[in-house]
2 protein chains.
Amino acid sequence: MRSRRIRGSAAAMVVAGVAFDGCASAWARWRPRVRRTAAIVAARAPVHTYGRSGPEPPTAVHCCSVPTLADVARLAGVGVGTASRAISGKGYVDPVTRDRVLVAARELGYRRNAAARALRERRSRAVGLLVPDLSNEFYTSAAEVLQAELDAAGFQLVVALTGADPADERHAWETMLDRQVDGVVHVPVDPAAPLPDGPPIVQLNRRSRRVSVPAIVSDDITGVRELTEQVLAAGHRDIVAIAGPPRLSTTRDRVEGYRRAVRKAGLGEPADVGRTGPDRARLISADLTTGGGRDAMHRLAADPPTAVVALSSRLLLGALKACAELGIPIPDELSVVGLGDPEWFAIWRPSITTFAPPLAEMGREAGKAILAAISADGAAERPARPHVLRLPGRLQLRESIQPPG
Amino acid sequence: MRSRRIRGSAAAMVVAGVAFDGCASAWARWRPRVRRTAAIVAARAPVHTYGRSGPEPPTAVHCCSVPTLADVARLAGVGVGTASRAISGKGYVDPVTRDRVLVAARELGYRRNAAARALRERRSRAVGLLVPDLSNEFYTSAAEVLQAELDAAGFQLVVALTGADPADERHAWETMLDRQVDGVVHVPVDPAAPLPDGPPIVQLNRRSRRVSVPAIVSDDITGVRELTEQVLAAGHRDIVAIAGPPRLSTTRDRVEGYRRAVRKAGLGEPADVGRTGPDRARLISADLTTGGGRDAMHRLAADPPTAVVALSSRLLLGALKACAELGIPIPDELSVVGLGDPEWFAIWRPSITTFAPPLAEMGREAGKAILAAISADGAAERPARPHVLRLPGRLQLRESIQPPG
DNA sequence: TTGAAAGCGTTACCAA
DNA sequence: TTGGTAACGCTTTCAA
């Protein structure tokens, strides 16, 4: 029903800008969308002698609108089935025929319609990424690699932001499910929220509680332990960790690493800020924001430690801000270490000793994992014991640690 | 042809984990994809007396796989057309009937299939975002708002990375065109590259040359002019701007702002670094990277100015690094101002005076623009004179400027 | 090796 | 107001 015309003209030509009158048909009127640039192509047919009997294939196909497989098939003088096989590369097709189809496709500027393919194949070749925001280097560094990984496999990345609010997160899930993505890479905001049934899910960086989906996380336990050990090795016996909200798995891992280090060093269990005494490892919880870190540091000012372990880059930024406000020189009066490694950490004076999670590898592994889950499909069910992949990060030893006093 | 069964059971139940044998049919076999979680729902029909004659609607619909509109229609006891109208909300449908459909849809957990809709409506309700990378706060800040804007309009954001390489950029375009996105928000990498015919395009931050697509950019001309005026007002008469590659429109705008300020101040035309003399405004071009800024600063060390205008946050970072290496105290010996406003600018000592482009508004306007272009469709052609929307940014006056000497 | 045809789930037309 | 039906463009049988 779509309007196509055979023209005798041999040269390929492209006329841009206006809809071509001859193309008006019942279906052109159906949704009267005038293409911004009507691709009007008259193409010479390849100079073959065709093995098939029947009418000669057209020497030109004139086609408004976006060319379809049928257009290609007509130009190549084959059936749509053959054209499909030639282009997708699966199924038998004579090499000569295939070439003819491929030439025709190129000539018309044919592109397979993703929606039709998705409908027919029951897979969208799209993967959703659910992240709280894009202003966090944690997510974007990983997302960048994830996108590359997916792209290489022919999948596309659809991004939805979950914000800080569980309602936003639910909404983001809705849009993903509506879009029928084949899989979702998920950075949970609310670790207590249930995960929807539907496409395979891989969690990134953080993980939900009581849910059996694979997760790709940084080995913060080891990382923060080693980071804290650096602080302790410099001789500090009065230290504080500023951590995020305990409901996040990342916070728990980081605190656990801190705990292991201070226990081994004989500072006992990390305890709340109130604690006093010569040897002590304290712990303070804050919002994962600059303001949170700043407030925490200000609270500490009354009874300052000799070293601070800020368990996120934003917390560190806030702590540094507070130190500037309070006139506390770093590292002379206070040693400071961080987590994450934004570019400015290395340039800061003093440069910041930190544990850098392997964000790129996390993105890459998340990509591999979700692709594996997608191709496994129903075959590999959500395992009873979810696989948590802990990737080792890197300690960046710089100048922000000095011995106390 | 799809397998659905009527069951007498009244209670809604969901059986998870295994494919339900009774669901095996020709089409279940067709693509033997065992759903990870088969949603098996037996739902009580709403307790209405139906106004229609004919057979009573089923009291339950048993359906494997994802429920379709036909399932909903069957459960509600209406035709698919009616169900479609009820759910989409367009077209006539009796309120009572509509409620029945809606209840049935909820009961089954129905979701409209995006692929089918896209195929039928010839629009994917997806917008592509083509950016060089995601590690740049410029793009991500804008992308975040853009996503929100699109989401509110029922569109989804598909991200592709163009990298730094024109080949990557072409590939990214391919994936977008394949996916048949309804529009593209584009940050050009290669301003000389032609834009593909196809969906409407809005450029963000930078614009291509000789191409008539609308662009949303920061008013860097004004911003950098005012920024430079601040430097000049402090008494500096020997200043240098470190700019990016001249092929980028952003570089040209920023340099233009610099030029206007220095001309008005009687420093003449900005000239290359070689220039000597007491009153001079020099200009140096660098890669838009930390390394580029660092190298530029090192080159300046032989004949240092009293103030540096770094025309990107990365260039500034590099310049700061070089100053640390060279032992140049800021702002005492060298005033430094920047462009962009990553979080650490305000915390740095001295805090960085800078021109902050309106990234959020740019994202929002890009969203509005692409949505407008999409709904206008063919109606509003690419205008002969492309509309460039220059949004004013904000000058952040901080501590990094001191009078010279 | 090929072509014809069914069908993916939806929307929109049209006749009732 | 409603239901039936014909596409949308593609993949995959199935018979030739």
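Keep in mind that the numbers below use all heavy atoms, side chains included, and drop hydrogens, waters and symmetry copies. In this text the structure is predicted, and so the values were computed from the model without any measurement. Lettering of chains follows the sequences in order, A, B, ..., and the numbering in each one begins at 1.
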**Prompt:** Can you find a pair of side-chain heavy atoms, one from A:Trp173 and one from A:His186, that are under 4.5 Å apart?
**Reply:** yes
Which of D:dT12, D:dT2, C:dG9 is nearest the side chain of A:Glu121? It is D:dT12
Of C:dG9, C:dA5, C:dT1, the nucleotide closest to the side chain of A:Asp94 is C:dT1
By nearest-heavy-atom nucleotide on DNA chain D, the more 5' of B:Pro95 and A:Tyr110 is B:Pro95
Taking every heavy atom of A:Asp182 against every heavy atom of A:Ser124, the minimum-distance pair comes out as OD1-N, 2.9 Å
For A:Thr97, which contact category applies under a 4.0 Å heavy-atom criterion: base, sugar-phosphate, or nothing?
sugar-phosphate
**Item:** Any B:Ser84 side-chain nitrogen or oxygen under 4.0 Å from OP1 or OP2 of C:dT11
**Value:** yes
For the base of C:dG3, is there a side-chain donor-acceptor partner from A:Arg85 under 3.5 Å away? yes
| request: Check whether any side-chain N or O of B:Ser88 sits under 3.5 Å from a backbone N or O of B:Ser84 as a donor-acceptor pair, and report yes or no. | output: yes
Looking only at D:dG9, D:dC10, C:dT10, the nucleotide nearest the B:Arg122 side chain is D:dG9
Between CZ of B:Arg74 and C1' of D:dG4 the distance, given in whole Å, is 14 Å
To the nearest angstrom, the OH-P distance between B:Tyr92 and D:dG3 comes to 17 Å
- [ ] Indicate yes or no for a side-chain donor-acceptor contact from A:Thr162 to the backbone of A:Asp168 under 3.5 Å, with no hydrogens or angles considered.
- [x] no
Separation of D:dT11 atom P from A:Leu119 atom CG, nearest Å, is 11 Å
Side-chain donor/acceptor of B:Arg120 to base of C:dT11, under 3.5 Å = yes
Can you tell me if A:Arg117 touches the phosphate of D:dT11, counting only side-chain N or O atoms and a distance under 4.0 Å to OP1 or OP2? yes
From CD of B:Gln180 across to P of D:dC8 the rounded distance in Å is 15 Å
Per-helix bend value, the helix from C:dT1-D:dA16 to C:dA16-D:dT1, C1' rotation axes over five pairs per end, 10° rounding, shows 50°
Rounded to whole Å, the CZ-C1' distance (B:Arg123 to C:dT11) equals 13 Å
Those residues at least two apart in sequence (or on a different chain) that pass salt bridge (Lys or Arg N to Asp or Glu O under 4.0 Å) with A:Arg125 are A:Glu121
Sorted by chain and number, sequence neighbours left out, side-chain hydrogen bond (donor to acceptor under 3.5 Å, both in side chains) with A:Arg111 holds for B:Glu174, B:Asp178
B:Asn113 CG to D:dC8 C1', in whole Å, measures 13 Å
Assign each of A:Gly91 and A:Val80 the nucleotide of DNA chain C bearing its closest heavy atom; nearer the 5' end lies the nucleotide of A:Gly91
Atom CD1 of A:Ile87 and atom C1' of C:dG3 are separated, to the nearest Å, by 16 Å
With a 4.5 Å limit on heavy-atom distance, are the side chains of A:Thr97 and A:Tyr92 in contact?
no
Margin query: Counting the atoms with a prime plus P, OP1 and OP2 as sugar-phosphate, which does A:Arg98 contact under 4.0 Å by heavy atoms, base, sugar-phosphate, or nothing?
Written below: nothing
*asked:* Could you check whether any side-chain N or O of A:Ser375 sits under 3.5 Å from a backbone N or O of A:Leu371, counting only pairs where one atom can act as donor and the other as acceptor?
replied: yes
Between CG of B:Leu69 and P of C:dT10 the distance, given in whole Å, is 5 Å
